[in-house]
**Q** 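This structure is in structure tokens; I'll ask about it shortly.
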Amino acid sequence: MFGVGARVRRKEDDRLLRGRGRFVADIALVGMRELAFVRSPVAHARILSFDIPEQVRRQVFTWQDLEPAGVRPIRAASGLPGFKVSEQPPLAADKVRFAGEPIAVTVAATRAEAEDIASQVIAEFDELPPNVDMLAAAAPGAPCVHEHWSDNIFLETRVGQSFEKDVAAAPVRISRSIRTQRQCIVPLEGKGLVAHWDRQAEQLVLYTATQMPHIVRSGLSECLGLPLEAIRVIAPDVGGGFGWKGLLQPEEVVAAWLCLHLGCPLRWMEDRREHLVAAANAREHHYEITAYADADGRLLGVDADAWVDAGAYSIYPFSACLEAAQVGSILPGPYDFPHYRCRTFSVCTNKPPIVPFRGVARANVCFAMEQIIDAIAAAVGREAWEVRLLNLVPPEKMPFDNITGKHFDSGDYPESLRRAVAGIDLASVRRRQLQGEPDGRLVGVGFATYCEQGAHGTAVYHGWGIPMVPGYEQVQARITADGGLELRAGIQSHGQGMETSFAQVAHEVLGIPLERIRLVHGDTGLTPYSTGTWGSRSMVMAGGAVATACRRLADRLRRIAAHLLQARLEDVTLSGGMLQSGQADITIAEIARTWYLAPQLLPADVDPGGLEITAGYKPKSDHGTFSYATHAAVVAVDAEVGLVEILDYLVVEDAGTMVNPAIVEGQIFGGVAQGIGTALYECSPYDDAGQPMASTLMDYLLPGFTEVPAIRIEHMETPSPYTEFGVKGLGEGGVIAPSAVLCNAINDALKARGAVVTDQPVTPARILAALRNARAEPPP
Amino acid sequence: MSLSVLLSVNGVAREVALDDPRVTLLDLLRERLGLTGTKKGCDRGQCGACTVLVDGRRINSCLTLAASCDGARVLTIEGLAEEGALHPVQEAFIAHDGFQCGFCTPGQIMSAVGLILEGHAGDDPERIREGMSGNICRCGAYAGITAAILDAERRLAERNRAEAA
């Protein structure tokens with residue numbers, strides 16, 4: 001068994017294990033020179049002048065060089081009404097808007113020399129007051145980040161109507177202020193690129209560590225004024241992305257222009273400090289939520305204001321309102337309740353632009369909403385899981401259109417919760433709490449349930465009016481003359497094992513052995529257009545296109561086989577790579593040889609398209625897929641020092657049909673690990689001057705071997721009614737729930753002391769502060 | 001100023017003339033010897049992606065000056081597999097799904113090989129986690145790597161016993 005559902009070894013493994021992968025930093029071209037960027041040391045200032053020593057002047061470039069040559073700023077507008085457009089010159093023009101913003105670039109034979117030159121470039125600034133906190137930046141009278149704007153709000157959105165009258169008699173009213181921290185994404189491979197001019201193809205070729213080569217190509221075309229056919233973008237092996245490599249970056253524009261200008265190959269590798277302070281920021285939200293419930297804990301309404309610190313510029317293609325606009329529509333989570341109102345604000349600040357990080361907005365709303373559920377449970381004196389169960393969309397209502405119009409396709413949300421309660425053995429945790437721990441630590445248990453929209457369709461994105469709307473996903477499939485199969489897809493696999501899982505899908509349809517199926521991906525010169533790999537979409541969309549293309553190939557194979565076997569078309573079957581009619585059979589390889597090398601034997605009415613197909617695919621519903629899960633955790637909290645140990649962690653998940661369960665589990669393990677970082681460790685704080693405080697991995701704490709426990713997974717498999725094989729997107733799911741689960745578990749542990757934590761990361765300092773506050777204000 | 005370094009890399013004697021004394025062992029391997037299997041993740045000794053063995057001991061090659069490696073024996077990921085067959089640690093990484101994107105993997109594998117050579121970890125997963133704590137995997141394959149190291153240790157011990165007998 002090697003098809004859909006098989007736990008097969010990845011085709012990618014061998015080269016990666018031997019150190020033979022080809023990542024962008026591994027590419028060396030003859031005559032290649034290296035770039036280093038000079039970055040703003042201040043958060044908000046006018047640039048008065050540059051002082052560049054004469055002996056290096058020819059190796060230093062600023063906006064004064066790029067703008068006259070026709071380079072345009074990065075511009076990512078949204079079509080949502082009221083959106084204010086920012087323009088980001090890839091090297092700052094007359095003003096810098098965050099510390100770390102590139103202001104000049106240097107070129108030399110080695111990176112060390114380029115950095116030596118960069119250190120000699122001095123800019124003089126007239127400093128302006130920075131906007132560091134999103135709530136202050138959104139307040140009237142704050143200094144404007146973009147001076148021609150009237151305030152610092154990229155976009156305000158409103159969902160739903162006021163409903164105070166309807167809940168006036170509600171017995172439970174819970175209000176919470178909730179804050180989630182600014183994070184950095186930190187794939188182990190940072191951003192990097194190699195640019196060169198292909199003289200024969202007359203093309204700019206950009207090797208870049210990206211998840212979306214076709215979108216980078218579109219963005220480069222806009223900024224450089226080059227026609228698309230003059231640009232080829234290639235993503236080689238990519239060392240993790242998690243969203244950071246899902247956008248056009250200013251450094252790509254600068255390097256591409258410089259390559260054209262200087263006529264030599266250029267390389268830039270983001271260093272870890274640049275990554276942490278200058279760019280890969282994500283996830284900073286603030287919520288003011290009030291929820292109403294009846295005496296059983298049934299939700300009557302949720303009223304929320306949400307702010308997202310979007311940083312200084314709108315990123316291409318997702319724009320500055322990707323997070324906040326999603327918050328408005330997904331805050332209700334997997335729950336069914338009658339009243340909802342939400343205002344969101346995408347706030348412009350003097351910090352790096354916020355970029356999409358795995359579980360975009362969903363991780364934050366889960367953190368907020370699941371705290372609310374626990375608070376309601378505490379108010380009505382019930383177990384939190386019982387209140388969850390009361391409010392989850394039940395299976396008999398599936399498919400279900402929720403209060404914001406999200407179309408939940410299938411599944412049994414309550415069952416995932418019941419299994420999690422049983423699997424974590426809630427009763428024994430409660431007994432253990434009563435007994436107390438020998439070491440005096442406090443034990444707590446937490447739950448969180450979410451549903452995750454993935455593989456967003458045309459209708460979902462069209463409404464936002466951003467520079468990218470996913471349509472039909474296309475894949476090219478070609479049977480070679482010796483019976484192999486080449487698949488060409490515009491997505492980009494960077495750890496998801498798609499060279500394997502797509503081959504499994506093709507094998508399922510055609511029966512060609514996995515080792516004879518090859519996926520070509522991540523190269524605009526070789527693949528059909530695609531918006532790329534983001535939003536848990538590649539398996540659903542490109543995987544669906546692989547199946548569609550292979551089915552059409554199977555039909556053409558059958559027609560040729562019927563002729564060669566002298567059989568009726570309806571009698572010809574394809575199984576295990578063999579076409580059969582009665583006792584007669586012929587292999588796919590023999591048909592392929594006939595098409596390519598012995599066409600005189602083909603039927604007169606053979607499809608002239610031959611054994612090569614480009615197929616486009618969309619699921620039957622354009623709303624995206626909805627996978628879901630309940631996570632549960634048991635923690636021990638040391639109330640003396642505030643340390644948290646995760647004693648048990650369970651995931652009960654349903655992502656529809658699994659193409660390769662090993663890959664699914666890897667995605668879940670990885671997501672949960674990142675979620676643990678979000679919950680307990682990772683934070684990129686800024687001081688009052690807008691200076692980043694976490695600039696190395698000693699300040700920005702990533703979860704490691706000793707922080708990530710063994711994670712247990714239970715699978716449920718409810719096939720999607722809308723997709724090929726019933727698969728659903730799941731790449732982001734693992735990261736959505738952990739911070740909510742762990743926060744709820746910590747609060748469960750702390751409840752004996754009357755303490756509550758509401759902000760993430762839940763650091764020892766926050767836990768100790770909550771305990772101090774509880775002592776100062778004992779519960780009534 | 002030019003500085004000559006003579007070292008053995010994966011069993012082959014290499015002499016490299018350095019025009020800049022600041023060159024790290026990592027940059028020497030990647031940029032001067034074309035051995036790009038060893039990765040640069042943070043360049044500050046905080047992620048472990050650049051781990052190689054020098055005279056049998058694990059080191060962060062990004063924090064090691066090439067000039068200090070004169071006369072040393074360096075083993076990198078490219079030199080680990082013998083005659084095409086994967087090393088038992090590499091085999092175990094497949095069996096236990098110890099990676100996803102593969103970028104930190106060469107460093108994880110070299111660190112695991114070094115840890116096993118050190119002989120401290122035994123069959124205690126807690127000590128393996130502690131011993132591997134200098135290697136970050138952002139794809140979060142920690143449980144798989146820990147299981148892989150336990151498994152590889154067993155296989156190597158069996159092989160050693162068989163060779164001794």
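Both backbone and side-chain heavy atoms feed into the values below; hydrogens, waters and symmetry mates do not. All chains are named by letter (A, B, ...) in the order of the sequence lines, taking the proteins before the strands, and each is independently numbered beginning at 1.
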**Q** Walk me through it: do A:D14 and B:L86 pass the test side chain to side chain contact (heavy atoms under 4.5 Å, CB included)?
**A** CA-CA 9 Å; A:D14 193 76; B:L86 291 173; 4.0 Å; yes
**Q** Just wondering, do B:I77 and A:R18 contact through their side chains at under 4.5 Å, heavy atoms?
**A**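 They are not in contact (no side-chain heavy atoms under 4.5 Å apart), so the answer is no.
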**Q** Looking at chain B, which one of A:R267, A:M269, A:R111 has the largest number of heavy-atom pairs inside 4.5 Å, strictly under?
**A**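 With the most close heavy-atom pairs to chain B, the winner is A:R267.
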**Q** Using non-hydrogen atoms only, which part of A:I185 is less than 4.5 Å away from chain B: side chain, backbone, both, or neither?
**A** backbone
**Q** For chain A, find which of B:H87, B:R22, B:E78 contributes the most heavy-atom pairs closer than 4.5 angstrom.
**A**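 Most heavy-atom pairs within the cutoff with chain A belong to B:R22.
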**Q** Counting only heavy atoms from other residues, nucleotides and ligands, does the tally under 6.0 Å from CZ of B:R57 exceed 12?
**A**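 At most 12 heavy atoms, drawn from other residues, nucleotides or ligands, come within 6.0 Å of this atom.
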**Q** Are more than 12 heavy atoms from other residues, nucleotides or ligands located less than 6.0 Å from atom OH of A:Y681?
**A**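 It does: A:Y681 OH has more than 12 such atoms within range.
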**Q** I want to check something: taking the side chain as every heavy atom from C-beta on, are A:L16 and B:T105 in contact at a cut-off of under 4.5 Å?
**A**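 Result no, sub-4.5 Å side-chain heavy-atom pair not found.
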**Q** Counting heavy-atom pairs closer than 4.5 Å to chain B, which one of A:R20, A:E665, A:E707, A:M698 comes out on top?
**A**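 Most heavy-atom pairs within the cutoff with chain B belong to A:M698.
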**Q** Taking atom CG of A:D237 and atom CZ of B:F103, what is their separation to the nearest 0.5 Å?
**A** 10.5 Å
**Q** Within a strict 4.5 Å, meaning less than it, do heavy atoms of the B:E130 and A:F705 side chains meet?
**A** no
**Q** How far does CD of B:Q100 sit from OG of A:S493, to the nearest 0.5 angstrom?
**A**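 One gets 10.0 Å once the value is rounded to the nearest 0.5 Å.
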**Q** Between B:C101 and A:G239, which heavy-atom pair has the shortest distance, and what is it?
**A**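 For B:C101 versus A:G239, the nearest heavy atoms are SG-C, 3.3 Å.
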**Q** What part of A:P703 gets closer than 4.5 Å to chain B, counting heavy atoms only: side chain, backbone, both or neither?
**A**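 Contact with chain B is through both the backbone and side chain of A:P703.
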**Q** Could you report the tightest heavy-atom contact between B:P106 and A:G19, atom names first, then the distance?
**A**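 That closest heavy-atom pairing would be CG-CA, 4.3 Å.
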**Q** Yes or no on salt bridge (Lys or Arg N to Asp or Glu O under 4.0 Å) for A:R273 and B:D43, after CA distance, side-chain angles and deciding distance?
**A** CA-CA 9 Å; A:R273 185 170 193 283; B:D43 217 15; over 6 Å; no
**Q** Would you mind checking which part of A:A28 comes under 4.5 Å of any heavy atom in chain B, side chain (CB onward), backbone (N, CA, C, O), both or neither?
**A**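 It is neither, since no heavy atom gets under 4.5 Å.
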**Q** State the SG-CD distance between B:C139 and A:Q674, to the nearest 0.5 angstrom.
**A**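 Interatomic distance, B:C139 SG to A:Q674 CD, rounded to 0.5 Å: 7.5 Å.
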**Q** If you apply the rule side chain to side chain contact (heavy atoms under 4.5 Å, CB included), what do you find for A:L188 with B:C47, and how did you get there?
**A** CA-CA 8 Å; A:L188 254 276; B:C47 79; 3.7 Å; yes
**Q** Could you tell me which of A:T696, A:V708, A:D271 has the largest number of non-hydrogen atom pairs under 4.5 Å with chain B?
**A**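 Looking at each option in turn, the highest pair count goes to A:T696.
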**Q** Can you measure from CG (A:L17) to CD1 (B:I109) and round to the nearest 0.5 angstrom?
**A** 4.5 Å
**Q** Once you round to the nearest 0.5 Å, how far does OH of B:Y142 lie from CD1 of A:I711?
**A** 11.0 Å
**Q** Just so I know, are the side chains of B:Q46 and A:R272 near enough to count as touching, which here means a heavy-atom distance under 4.5 Å?
**A** no
**Q** Taking 4.0 angstrom as the limit, do B:D97 and A:R10 come out as a salt bridge?
**A**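 Salt bridge flag = yes for A:R10 with B:D97.
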**Q** Any Lys/Arg nitrogen of A:E682 or B:R138 sitting under 4.0 Å from an Asp/Glu carboxylate oxygen of the other?
**A** yes
**Q** Might you confirm whether atom CG of B:D123 has over 12 heavy atoms from other residues, nucleotides or ligands at distances under 6.0 Å?
**A**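 No, not enclosed.
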**Q** With chain A, which of B:Q108, B:R30, B:K40 has the greatest number of heavy-atom pairs at distances under 4.5 Å?
**A** B:R30
**Q** Give, as side chain, backbone, both or neither, the part of B:A141 having an atom under 4.5 angstrom from any heavy atom of chain A.
**A**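 The answer is neither part of B:A141.
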**Q** Relative to chain B, which segment of A:V672 carries a heavy atom at a distance below 4.5 Å: side chain, backbone, both, or neither?
**A**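 Neither the backbone nor the side chain of A:V672 comes within 4.5 Å of chain B.
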